[in-house]
J.: 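Dropping a structure here in structure tokens format, bear with me for questions.
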Amino acid sequence: MENELIQALVTIVSFFNRTDRDKAFIKDAGVKLEATSFQLFVTIGRMQPTNVSDLANILGKSHSSVSRQIDKLEQKGLVTTKDAEVDARIRSIQLSKSGEQLKQILDTTRVNNISMALTSWTDAEKQSLLVNLKHLAATLNNFEK
């Protein structure tokens with residue numbers, strides 16, 4: 001059964017990590033955002049304030065690659081950065097007002113898409129999924145090897 005659980009998780013993660021799906025999602029949302037910046041932007045929105053090292057670690061990208069993408073997002077006015085008070089080598093990153101507005105559009109589009117995808121599910125099935133996903137998230141967050 002564990003192999004089937006892992007396969008299901010890989011399928012779900014792959015669904016959310018595909019750049020072709022990101023492009024389609026961006027088009028569906030009707031926003032201007034490069035697909036290469038999409039996952040970074042979404043991650044900043046979920047973790048803010050955050051920093052380059054944490055983002056690079058979560059996204060599996062190099063520090064310099066993430067830093068360059070953040071610079072692009074900052075030039076577009078979607079994020080703001082400032083030196084951390086404790087250590088000036090660390091940039092604190094968060095969404096700007098324009099970035100928050102874009103995040104709201106993306107969040108609404110994501111909710112609409114998920115709602116459409118789950119139209120054949122009953123409320124009880126959705127509730128069961130939610131309970132199990134929260135349990136899984138908590139379990140994985142507490143897992144240390």
Side-chain angles (χ1 to χ4, degrees), residues 1-29 31 33-74 76 78-97 99-145:
M1 178 162 66
E2 281 75 9
N3 285 336
E4 291 173 305
L5 287 169
I6 291 168
Q7 183 58 47
L9 288 170
V10 168
T11 299
I12 292 167
V13 169
S14 296
F15 175 86
F16 285 104
N17 283 339
R18 290 181 49 173
T19 55
D20 59 336
R21 291 200 191 271
D22 290 348
K23 289 176 186 176
F25 181 81
I26 292 165
K27 184 178 179 183
D28 190 34
V31 298
L33 184 65
E34 294 178 27
T36 55
S37 300
F38 177 74
Q39 289 182 358
L40 175 63
F41 178 83
V42 169
T43 305
I44 292 168
R46 301 272 185 250
M47 295 180 55
Q48 62 184 328
T50 186
N51 61 64
V52 175
S53 294
D54 287 346
L55 290 166
N57 187 37
I58 287 170
L59 296 170
K61 304 204 183 272
S62 71
H63 187 279
S64 60
S65 173
V66 170
S67 186
R68 282 191 303 273
Q69 287 298 320
I70 289 168
D71 289 343
K72 289 179 183 179
L73 290 172
E74 190 169 27
K76 291 181 180 185
L78 297 175
V79 300
T80 60
T81 64
K82 65 179 181 178
D83 292 341
E85 294 175 13
V86 178
D87 186 343
R89 296 172 297 173
I90 299 173
R91 283 198 298 176
S92 177
I93 305 153
Q94 61 187 52
L95 298 182
S96 65
K97 186 175 181 179
E100 287 289 350
Q101 292 170 342
L102 176 58
K103 179 185 179 295
Q104 187 63 39
I105 292 168
L106 295 173
D107 289 348
T108 300
T109 302
R110 188 174 311 279
V111 168
N112 291 340
N113 287 350
I114 292 295
S115 293
M116 286 178 14
L118 299 179
T119 56
S120 66
W121 288 46
T122 66
D123 287 342
E125 288 172 322
K126 292 177 195 177
Q127 183 61 38
S128 177
L129 175 64
L130 177 60
V131 167
N132 286 312
L133 285 175
K134 284 183 175 182
H135 185 167
L136 176 62
T139 300
L140 293 178
N141 279 335
N142 292 322
F143 178 75
E144 290 188 34
K145 190 169 182 173

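Hydrogens, waters and symmetry mates are skipped; everything else that's a heavy atom, side chains included, is used.
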J.: Is any side-chain heavy atom of Lys72 closer than 4.5 Å to one of Thr36?
T.: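 No, too far: nothing below the 4.5 Å cut-off.
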
J.: Which heavy atom of Ser37 sits nearest a heavy atom of Leu33, and at what distance?
T.: CB-CD1, 4.3 Å

J.: Taking all heavy atoms of Ser92 and all of Pro49, pick out the closest pair and write down the distance.
T.: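 Smallest interatomic distance, heavy atoms only, reads OG-CB, 3.7 Å.
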
J.: Nearest 0.5 Å, please: how far is CG in Leu78 from NZ in Lys103?
T.: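 Between atom NZ of Lys103 and atom CG of Leu78 there are 13.5 Å.
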
J.: From Ile12 CD1 over to Leu133 CG, what is the distance, rounded to the nearest 0.5 angstrom?
T.: 7.0 Å

J.: Taking side chain as C-beta onward, heavy atoms only, is Leu73 less than 4.5 Å from Ile44?
T.: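 Yes - at least one pair of side-chain heavy atoms lies under 4.5 Å apart.
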
J.: What distance separates Glu125 CD from Asp123 CG, expressed to the nearest 0.5 Å?
T.: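 Rounded to the nearest 0.5 Å, the CD-CG separation comes to 9.5 Å.
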
J.: Checking the side chain of Ser67 only, and the main-chain atoms of His63 only, is there a donor and an acceptor separated by less than 3.5 Å?
T.: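 It does not hold such a pair.
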
J.: Please report the interatomic distance CG(Leu59) to CG(Asp54), rounded to the nearest 0.5 Å.
T.: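 One gets 10.5 Å once the value is rounded to the nearest 0.5 Å.
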
J.: Phe38 vs Lys23, test: side chain to side chain contact (heavy atoms under 4.5 Å, CB included). Steps then yes/no.
T.: CA-CA 9 Å; Phe38 177 74; Lys23 289 176 186 176; over 6 Å; no

J.: Leu95 versus Phe41: any side-chain heavy-atom pair under 4.5 Å?
T.: yes

J.: Between Asp28 and Arg21, does any NZ, NE, NH1 or NH2 come within less than 4.0 Å of an OD or OE carboxylate oxygen?
T.: no

J.: Nearest 0.5 angstrom please: Lys76 NZ to Ser96 OG, how far?
T.: 12.5 Å

J.: Can you name the closest pair of heavy atoms from Leu118 and Lys126 and give their distance?
T.: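 So the two residues come closest at O-CE, 3.5 Å.
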
J.: Please assess Glu100 against Gln48 for the test side chain to side chain donor-acceptor pair (under 3.5 Å), listing each intermediate value before the final yes or no.
T.: CA-CA 11 Å; Glu100 287 289 350; Gln48 62 184 328; 2.8 Å; yes

J.: Considering only heavy atoms from C-beta outward, does the side chain of Leu55 approach that of Gln69 to under 4.5 Å?
T.: no

J.: What closest approach, in Å, do Ala35 and Asp22 show between heavy atoms, and which atom pair accounts for it?
T.: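 Nearest pair, atom of Ala35 first, then Asp22: O-OD2, 4.4 Å.
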
J.: Within this structure, what is the CD1-OG1 distance for the pair Ile93 and Thr43, rounded to the nearest 0.5 Å?
T.: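 One gets 11.0 Å once the value is rounded to the nearest 0.5 Å.
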
J.: Say whether, by atom type as modelled, one donor and one acceptor occur between the side chain of Ser128 and the main chain of Ala124 under 3.5 angstrom.
T.: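 Here the side-chain-to-backbone pair does not exist.
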
J.: Can you confirm whether Lys82 sits close enough to Gln94 that some side-chain heavy atom of one is under 4.5 Å from a side-chain heavy atom of the other?
T.: no

J.: Kindly indicate, with the supporting measurements, whether the criterion side chain to side chain contact (heavy atoms under 4.5 Å, CB included) is fulfilled by Asp71 and Arg91.
T.: CA-CA 11 Å; Asp71 289 343; Arg91 283 198 298 176; 2.9 Å; yes

